[in-house]
Amino acid sequence: MSFRARHLLGIEHLTQEDIGSLLDLSDSYVALNRRDMKHSDALAGLTQINMFFEASTRTQASFELAGKRLGADVMNMGLQASSIKKGETLIDTAMTLNAMHPDLLVVRHPHSGAVNLLAEKVNCAVLNAGDGRHEHPTQALLDALTIRRAKGRLHRLRIAICGDIAHSRVARSNILLLGKMENRVRLIGPPTLMPAGIADWGVEAFDDMAEGLQDVDVVMMLRLQKERMDGAFIPSEREYYHRFGLDADKLRNAAEDAIVMHPGPMNRGVEIDGTLADDINRSVIQDQVEMGVAVRMAAMDLLARNLRAARQDEGVMV
Ligand code: ASP
């Protein structure tokens, strides 16, 4: 296994080999998850704490299920409701949890960089479950696994990422991962939703769906992240759907066997047509959810192996 890191904070520092190892192990967890007996003891005896400082449904459920299937003791903390309201700082919260000896900390936070900061302060493995508009590494890995299984490869594909790129950690992690695997990435969206400095990202940018979708193999739609917008970025949702919402008509520009993806939660009728999202011949959105559990199992399994090895080196009992 090439992946030797202590934490999974982003795609930025992963190599092609790391990504390959994570996806290969994920494949074996997909097989396990399809059996009646879904248990393994890869995390037996370890404690996993899910700290979500920002609302989440699928990511938190996915990490919880992944930990339970691997035999960890899993605890969920919805931190919007408790200590944060009392004014405790992120670091205080982390140090309090650290004193409880967790082995894996899964953290989501509305501020970019908050998870990296926390990882410096605790002595367990930290997984970034999404920090602000920075990174969401397990989402990019589950998207990569979905693509690799649907297309039979994860290189030399034409992939369009469409919509609210500027506010999206999903887009950022995917651009990094798909670039490392030598794919051609196109970004499509209104200029107001494109991040600054896009010229340095090694991607092509379009503000017209028909043009940008031409012959692509994968169409990845993004949610309009209204919670990260502090002004009017689009004239109206109706207008946005007309120009940038994916429907069967616009999809005709893509390759005949192009797949449609969305990280969820979806705004049906805003960035994607509901019927197309449910079309099992084109949409792999449900597959993405399935792959999510397997990828999180693989990531936590590998981090736990690295953690045990590090503790053994340091002479700590495990
Ligand atoms: N669930 C993804 C995230 O947490 C995408 C989204 O919220 O639009 O970033």
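Counting convention: from 1, in listed order, for ligands and their atoms alike. Not measured: the values here are computed from a predicted model. Computed from heavy atoms alone, side chains included, the values below leave out hydrogens, waters and symmetry copies.
- Note: Leu118 CG to Leu105 CG = 6.0 Å, rounded to the nearest 0.5 Å.
- Within the 4.5 Å cutoff, the side chain of Val219 has heavy atoms near those of the Cys162 side chain.
- Among residues two or more places apart in sequence or in another chain, the side chain to side chain contact (heavy atoms under 4.5 Å, CB included) test is passed with Lys250 by Met209, Leu213, Leu246, Asp247.
- With contacts defined as side-chain heavy-atom distances shorter than 4.5 Å, the pair Phe53/Met51 qualifies.
- Counted within 6.0 Å of CZ on Arg282, heavy atoms from surrounding residues, nucleotides or ligands total more than 12; the atom is thus considered enclosed.
- Around ligand 1 you find Arg108, His136, Arg169, Val170, Arg223, Gln225, Gly264, Pro265, each with a heavy-atom distance below 4.0 Å.
- Stacking of Arg108 on the aromatic ring of Phe52 is not recorded, the 6.0 Å distance cut-off and the 45° axial limit not both being met.
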